[in-house]
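Presented below is the structure to which this report refers.
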Amino acid sequence: MPEPITLTLPWRVVPLTASDCQELCTWSYPAPYDIYNWPTWATMLDNQSEFADPPIRDEQYRGVVDINGTLTGFVQYFPIVGVTRLGLGLRPDLCGSGGANVGGIRGTIGGGLGTQFVQLLVAEAQQRAPEQEIDLEVLVWNERAIRAYQRASFTITDTYEKWTPTGAADFHCMVYTGPTILLAR
């Protein structure tokens, strides 16, 4: 295993509030990323789906806020035996902003906001369950996300078909192979 690394990132992982959930449901990703848009908050509440179900929200979901306390993303720590599976989302206006200065952090091409965001989530997952493998799933066409995950030390280990709200689609499973990440506080 590689030596641990320490990162200073201006984000914090915090409990995901009902207000945060309402905000997530307003985020609108452009095509082809619109598959990641959530239903309306009213629909989610009616169905008690995902983070609209308080016990699931409390157990699996967290918000990510910047130094100003602004919601910049979310993470789901989906429990699987021996594995922590990450589900994640970065606020749409921050996606693809590799050279932007957002919330006090400057992304750089090849090491942008997405990579640093994922590193934060990995560090949190390692703290929550240090003995578990960390993985995630990504649609095979989402090259932008795949590049960010690879820069954050994830490796494609499998490809398979899976059902989505719009039908069957091919996914990569990517496993974290990097060092332990420590967060400077």
Side-chain angles (χ1 to χ4, degrees), residues 7-81 83-97 100-105 107 112-130 132 134-139 142 144-145 148-149 152 162-166 169 171 176 181 183 185:
L7 298 177
T8 302
L9 299 173
W11 293 307
R12 290 179 296 121
V13 177
V14 298
L16 188 67
T17 67
S19 176
D20 294 335
C21 296
Q22 288 178 296
E23 183 178 338
L24 291 177
C25 291
T26 68
W27 289 2
S28 181
Y29 296 92
Y33 306 102
D34 55 347
I35 189 171
Y36 301 115
N37 292 341
W38 291 101
T40 66
W41 181 236
T43 299
M44 291 192 68
L45 282 174
D46 287 346
N47 297 329
Q48 283 295 287
S49 61
E50 298 291 340
F51 49 72
D53 181 329
I56 291 175
R57 178 172 63 237
D58 292 344
E59 181 182 321
Q60 297 181 20
Y61 283 91
R62 297 292 179 269
V64 177
V65 296
D66 66 15
I67 58 176
N68 300 314
T70 303
L71 187 67
T72 58
F74 73 92
V75 60
Q76 179 185 23
Y77 295 104
F78 188 79
I80 301 173
V81 175
V83 176
T84 300
R85 174 155 293 160
L86 302 180
L88 59 111
L90 186 60
R91 201 173 67 216
D93 63 306
L94 303 180
C95 294
S97 59
N101 185 346
V102 182
I105 187 166
L113 295 176
T115 299
Q116 295 167 0
F117 181 77
V118 173
Q119 289 171 325
L120 170 72
L121 305 181
V122 166
E124 193 74 20
Q126 289 173 330
Q127 286 182 342
R128 292 168 63 99
Q132 292 192 356
I134 300 168
D135 76 6
L136 54 78
E137 294 176 315
V138 60
L139 287 158
N142 193 343
R144 182 173 72 187
Y149 301 150
K162 183 176 167 183
W163 184 256
T164 74
T166 59
F171 284 80
Y176 182 71
I181 300 175
L183 297 176
R185 302 277 179 198

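Keep in mind the model is a prediction, meaning the values are calculated, not measured. All heavy atoms count here, side chains included; hydrogens, waters and symmetry mates do not.
The shortest side-chain heavy-atom distance between Trp11 and Thr72 falls under the 4.5 Å cut-off. For the pair Val122/Gln119, no side-chain contact is recorded, criterion being any heavy-atom separation below 4.5 Å from C-beta on. A heavy-atom distance below 4.5 Å is found between the side chains of Leu136 and Tyr149. Contact annotation: the side chain of Arg91 approaches that of Thr70 to within less than 4.5 Å [non-hydrogen atoms, C-beta and beyond]. Side-chain atoms of Pro55 and Asp53, non-hydrogen and from C-beta on, do get closer than 4.5 Å to each other. For the pair Asn37/Ser28, a side-chain contact is recorded, criterion being any heavy-atom separation below 4.5 Å from C-beta on. Counting heavy atoms from C-beta on, the side chains of Leu90 and Cys95 come closer than 4.5 Å. Contact of the Val64 side chain with the Leu121 side chain is registered, since non-hydrogen atoms from C-beta on lie closer than 4.5 Å.
Annotation: the span from Leu16 atom CG to Leu71 atom CG amounts to 7.0 Å, rounded to 0.5 Å. In this structure, Ile181 CD1 and Leu183 CG are separated by 7.5 Å, a value rounded to the nearest 0.5 Å. The distance from the CD atom of Gln48 to the CZ atom of Arg57 is 9.0 Å, given to the nearest 0.5 Å. The CG atom of Asp20 sits 12.0 Å away from atom CZ of Arg62, with the distance rounded to the nearest 0.5 Å. Rounding to the nearest 0.5 Å places CG of Asn142 at 13.0 Å from CD of Glu137.
Between Phe51 and Trp38, the ring centre distance stays below 6.0 Å.
The closest side-chain donor-acceptor pair between Thr166 and Thr164 falls under 3.5 angstrom.
More than 12 heavy atoms of other shown residues, nucleotides or ligands fall within 6.0 angstrom of atom CZ in Arg144.
Ring orientation note: the planes of Tyr36 and Tyr33 are close to parallel, at an angle under 30° on the 30°/60° scale.
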Can you check side-chain hydrogen bond (donor to acceptor under 3.5 Å, both in side chains) on Tyr61 and Glu50, steps first, answer last? CA-CA 9 Å; Tyr61 283 91; Glu50 298 291 340; 2.2 Å; yes
Test side chain to side chain contact (heavy atoms under 4.5 Å, CB included) on Arg85 and Tyr77; report intermediate values, then the result. CA-CA 6 Å; Arg85 174 155 293 160; Tyr77 295 104; over 6 Å; no
